[in-house]
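All residue numbers refer to positions in the sequence shown, counting from 1. Atoms considered below: every heavy atom in the structure, side chains included; atoms not considered: hydrogens, waters and symmetry mates.
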Amino acid sequence: LNAARYAASVFMANHPNITVNLVEIDDQGDPAVAAIVSQTAAQNSDLIGLIGPAYSGATFVSCPFYRASGIASSNSSASKAARRKANKKS
């Protein structure tokens, strides 16, 4: 989170006409929670990208919502191969 805050501050310093707002969404690494918060986040038309989810179980249930909404995500620590394949765009 600190790295994202830093990157946003550097970006805004170099692009003063653009504002980046970081919003924290906590799925708690729990697929049941991720299913709820990802649906809500995916409905936010101002959300263009996210860092996470951090765990394979949460990734498996949330990626379909983010993908359907066109939200880019980076989740390098969700490494279970079967889940990566399940969430891969066809």
To the nearest 0.5 Å, tell me how far [X] [atom1] sits from [Y] [atom2].
{"X": "D27", "Y": "S62", "atom1": "CG", "atom2": "OG", "value": "6.5 Å"}
{"X": "I36", "Y": "Q28", "atom1": "CD1", "atom2": "CD", "value": "9.5 Å"}
{"X": "R67", "Y": "S38", "atom1": "CZ", "atom2": "OG", "value": "11.5 Å"}
{"X": "M12", "Y": "T19", "atom1": "CE", "atom2": "OG1", "value": "6.5 Å"}

Output yes when a side-chain donor or acceptor of S9 lies under 3.5 Å from a complementary backbone atom of Y6, and no otherwise.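 At least one qualifying donor-acceptor pair exists.
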
Check whether any side-chain N or O of N14 sits under 3.5 Å from a backbone N or O of V10 as a donor-acceptor pair, and report yes or no.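 Confirmed, N14 side chain pairs with V10 backbone.
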
Which heavy atom of A41 sits nearest to which heavy atom of Y66, and what is that distance?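 For A41 versus Y66, the nearest heavy atoms are CB-CE2, 3.9 Å.
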
Minimum-distance pair of heavy atoms, taken over all atoms of I51 and A4: CD1-CB, 3.6 Å

With a cut-off of 6.0 Å (strictly less than), are more than 12 heavy atoms of other residues, nucleotides or ligands near CG of L22? yes

Would the number of heavy atoms belonging to other residues, nucleotides or ligands and lying under 6.0 Å from CD1 of I25 be above 12? yes

Under the side chain to side chain contact (heavy atoms under 4.5 Å, CB included) criterion, do L1 and E24 qualify, and how do the steps go? CA-CA 9 Å; L1 187 55; E24 293 180 49; 3.4 Å; yes

Residues I71, L50; criterion side chain to side chain contact (heavy atoms under 4.5 Å, CB included); working and verdict: CA-CA 7 Å; I71 298 170; L50 66 115; 3.5 Å; yes

Do F60 and P31 come close enough that some side-chain heavy atom pair is under 4.5 Å?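 A side-chain contact under 4.5 Å is absent here.
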
Are V37 and V23 linked, directly or through intermediate hydrophobic residues, by side-chain heavy-atom contacts shorter than 4.5 Å (ILVMFWY only)?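 Yes, same cluster.
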
